[in-house]
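Below: one structure, written as structure tokens.
In this chain, residues are counted from 1 in sequence order. Counting starts at 1 for both ligands and their atoms, in listed order.
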Amino acid sequence: MAPLKRIVIVGGGTAGWMTAAALARLAGAGTTVTLVESEEIGTVGVGEATIPSLLDFNRYLGIDEDAFVRATGATFKLGIEFVGWGKAGGRYMHPFGTFGRDAAGIKFHQIWRRQAGLQAPLNDVGSLEDYCLAAVAARLGRFNRPTGDPAAVLSSLRYAFHFDAGLYAQFLRHLAEEGGVRRVEGRVTQVDLAPDNGFIDAIVLADGRRIEGDLFIDCSGFRALLLGDALGVPFVSWQKWLPCDRALAVPSTSSGAPVPYTRATTTEAGWRWRIPLQHRVGNGHVYCSAYMTDEAAADALLAGLDTLATSEPRQLRFTAGVREHLWERNCVAIGLAGGFLEPLESTSIHLIQSGITRLMSLFPDSGHAPIERDKYNRMLRRDYEQIRDFIILHYHANGRIDGDFWQQCRDTPPPDALVERLALWRERGRAMPEPGQLFSEDGWIAVLMGQIGLPQSYDPLVATLPPEEAARFLQHLRGVIGQTAAAMPAHDQFIASHCARPL
Ligand code: FAD
């Protein structure tokens, strides 16, 4: 079968320009890549926190990290601080990277758990977070890039970014256009389907221009113009587990030295985010309209700001869920056109990336083999469902004692896969993600520990480690991690000396 000649991307938000930048290498090799966007319609305009997988995407595009941080006003992110979610209502960190170091094939947190239950002084082990470099550095407001030396503790550091998603899209647009992608400004008003097989033949713009293609990427945002409207692929709602359906977003003035982590704080019927960039702070409130009015949500958002709002809050409406298929005939939906999961674990941009990389690994030719499409659909659905379950964990295992919203979240039975995970944690402290899952075992441990607390018992294999020896091992690790974090530069100093945004 012949290679595809014409790829058309509809939408120029983060999804559209990430896809265009990644496909730019096809442009010029006998294939045209065209991106259509409408400034009149605009983009969703939020999306500021990311996870470490973005580094792989940027590396794939050959992006110089300092240039990217400077251009997008980015700061470094070492994890997410969750406030008011867990049993004691307190706070915990979901840091990137790992907790401690496994010993004799036993997971580190199991050793820590056994020691924590012993008599003094053997139980003097601090918190689990004391054994994660990202968590300790985040609390100290420090940052450094990991070293390549695997023997150094600093090599274990994982990080991501907070950035201005609009500036990121502009940055990628530049790369994509340099790589040969053609941008067309205009509003799509019609989608022409082939009468014989229902494939998309062309899109038609408001001024009558007709753009034909062999493969269409739907990056049109919540509208899902191609996959939803034109091809009629139904939306599967996950609202029963994730009932929040609105968000208010508002930027505020810069807070001085930005902290290297996102903060997610529960409210009466949802949660607030706080994301520090170099030049401002991004704030928002995700809430459930069945339990909170828009006015109350705006009040809670504004009352929680620690700097001055620079505009009125902007509202966004959504339903958690995903399209039944993300690839249908000759159309693949990437970004909000494919599905939406609230930004509690900053995963939307990752899902865009996952859609792009999986599409590249199953790239069709003019035969449009159903087997590749079906594989793609299964993989993406699994990506969405695994992240969905991780987000549900935060809601279902919440420890807030006030309010019907939180009670409803506790009462709603979680998906089966999560039921087993919760039981494994409660009984034995086992986290064990499925192979290929985005969030690592340590990510699950952080959230399970933060939401539920200590498991009832621990891995019986820990008995093979004498308690005194384990105590020395823990003390040593904690010391080395603490010293490594303390020796890092302050986060704002690191930015100032490497990648400050021009004033
Ligand atoms: P959009 O930004 O909506 O872009 C759609 C594009 O399609 C636009 O260019 C528009 O002009 C174009 N278009 C639409 N209709 C037409 C038409 N008829 N003709 C021509 N062009 C058209 N993600 C994260 O990773 N981290 C976060 O912290 C985060 N926070 C979020 C908070 C909220 C409240 C929301 C709602 C989302 C958040 N996201 C976050 C998700 C993130 O914003 C999106 O995944 C990302 O911006 C991608 O959006 P998109 O490109 O799919 O859609």
The answer for which part of Arg223 has a heavy atom under 4.0 Å from ligand 1 is side chain
Any donor-acceptor pair under 3.5 Å from Asn398 side chain to Trp85 backbone: no
Can you pull out the closest protein heavy atom to atom 21 (N) of ligand 1? Residue, atom name and distance to 0.1 Å, please. Ser38 N, 3.5 Å
Nearest protein heavy atom with distance in Å, relative to atom 25 (O) of ligand 1: Ile349 N, 2.8 Å
Does a donor on one side chain and an acceptor on the other come within less than 3.5 Å for Asp383 and Ser354? yes
Any N or O of Leu316 that comes nearer than 3.5 Å to an N or O of ligand 1? no
Does Ala337, backbone or side chain, put an N or O under 3.5 Å from an N or O of ligand 1? no
Going by distance alone, is a donor N or O of one side chain under 3.5 Å from an acceptor N or O of the other, for Tyr287 and Asp245? no
So between Phe163, Phe340, Phe318, Tyr168, whose heavy atom ends up nearest atom 37 (C) of ligand 1? Phe340
For ligand 1, is there an atom lying under 4.0 Å from some heavy atom of Thr50? no
Please answer whether the main-chain N or O of Pro251 pairs with a side-chain N or O of Thr310 as donor and acceptor at a distance below 3.5 Å. yes
So is Val44 polar-close to ligand 1, meaning N/O to N/O under 3.5 Å? yes
Are the side chain of Asn377 and the backbone N or O of Trp327 linked by a donor-acceptor pair below 3.5 Å? yes
Ligand 1 to Ala15, heavy atom cutoff 4.0 Å, flagged ligand atoms 48 (C), 50 (P), 51 (O), 52 (O)
Output yes when a side-chain donor or acceptor of His498 lies under 3.5 Å from a complementary backbone atom of Phe494, and no otherwise. yes
So if I count the atoms of ligand 1 from 1 in the order they appear, which ones are less than 4.0 Å from some heavy atom of Pro343? 27 (C), 28 (O), 29 (C), 30 (N), 31 (C), 32 (C)
Any donor-acceptor pair under 3.5 Å linking the side chain of Ser220 with the backbone of Leu225? yes
To the nearest 0.5 Å, how far apart are CG in Leu157 and CZ in Phe143? 6.0 Å
Any nitrogen or oxygen of Gly12 lying under 3.5 Å from a nitrogen or oxygen in ligand 1? Just yes or no. yes
Give me the nearest non-hydrogen protein atom to atom 7 (O) of ligand 1 as residue plus atom name, then the distance to 0.1 Å. Gly11 CA, 3.2 Å
Assess, by modelled atom type and distance only, whether the side chains of Gln170 and Arg173 contain a donor and an acceptor separated by less than 3.5 Å. no
May I ask whether Ile352 places a heavy atom under 4.0 Å from ligand 1? yes
Distance-only, no hydrogens or angles: does the Asn330 side chain make a donor-acceptor pair with backbone N or O of Ile200 under 3.5 Å? yes
Ser53 and His350 side chains, donor-acceptor separation under 3.5 Å: yes
Find all atoms of ligand 1 within a distance of less than 4.0 Å from any non-hydrogen atom belonging to Leu225, and give their numbers and elements. 15 (N), 16 (C), 17 (C), 18 (N)
Can you tell me if Trp406 uses its side chain to pair, donor with acceptor, with the backbone of Glu268 under 3.5 Å? yes
Evaluate side-chain contact (heavy atoms from CB on, under 4.5 Å) for Ser348 paired with Glu342, printing each intermediate quantity in order. CA-CA 8 Å; Ser348 291; Glu342 61 184 78; over 6 Å; no
Donor-acceptor pair between Asp389 and Tyr384 side chains, under 3.5 angstrom: no
Hey, which atoms in ligand 1 end up nearer than 4.0 Å to a heavy atom of Cys219? 5 (C), 6 (C), 7 (O)
Give a yes or no on whether the backbone of Thr253 and the side-chain of Thr307 come within a donor-acceptor separation of less than 3.5 Å. yes
Does even one non-hydrogen atom of Ser220 get within less than 4.0 Å of ligand 1? yes
Provide the number and element of each atom of ligand 1 under 4.0 Å from a heavy atom of Gly335. 52 (O)
Would you confirm whether Gln278, through its side chain, and Arg501, through its main-chain N or O, come within 3.5 Å as a donor-acceptor pair? yes
For atom 53 (O) of ligand 1, what is the nearest protein heavy atom, given as residue, atom name and distance? Gly221 CA, 3.5 Å
At under 4.0 Å between heavy atoms, what of Thr189 touches ligand 1? The answer is neither
Please state which protein non-hydrogen atom is closest to atom 40 (C) of ligand 1 and give its distance, to 0.1 Å? Gly47 CA, 3.4 Å
May I ask you to list the atoms of ligand 1 that are less than 4.0 angstrom from any heavy atom of Ala49? 24 (C), 25 (O), 26 (N), 27 (C), 28 (O)
Shortest protein heavy-atom distance from atom 22 (C) of ligand 1, along with the residue and atom involved: Ile41 CD1, 4.0 Å
Quick test of your reading of the structure: of Leu336, Thr43, Asp218, Ile203, whose heavy atom lies closest to atom 44 (C) of ligand 1? Leu336
Approximate separation, where rounding is to 0.5 Å, of Arg70 CZ and Phe171 CZ: 9.5 Å
Using heavy-atom distances, let me know which of Val46, Leu248, Thr14 sits nearest atom 42 (C) of ligand 1. Val46
What pair of heavy atoms forms the shortest contact from Phe161 to Thr50, and how long is it? O-OG1, 2.7 Å
Once you restrict to heavy atoms under 4.0 Å, what part of Ser348 touches ligand 1? Side chain, backbone, both or neither. both
When only distance counts, is Trp273 in polar contact with ligand 1, meaning an N/O pair under 3.5 Å? no
Number the atoms of ligand 1 from 1 as they appear, then name those within less than 4.0 Å of a heavy atom of Ala247, with their elements. 34 (C)
For Gly186, the ligand 1 atoms with a heavy-atom partner under 4.0 Å come out as 19 (N), 20 (C)
Decide whether the shortest distance between a heavy atom of Gly282 and an atom of ligand 1 is less than 4.0 Å. no
Please indicate whether any nitrogen or oxygen in Gly45 is less than 3.5 Å from any nitrogen or oxygen in ligand 1. no
Okay, side chain of Gln437, backbone of Glu434: is any donor-acceptor separation there less than 3.5 Å? yes
Mind checking whether Trp17 has a heavy atom under 4.0 Å from ligand 1? no
If you measure every N or O of Val188 against every N or O of ligand 1, does any of those distances drop under 3.5 Å? yes
Judged by non-hydrogen atoms, does Gly42 sit under 4.0 Å from ligand 1? yes
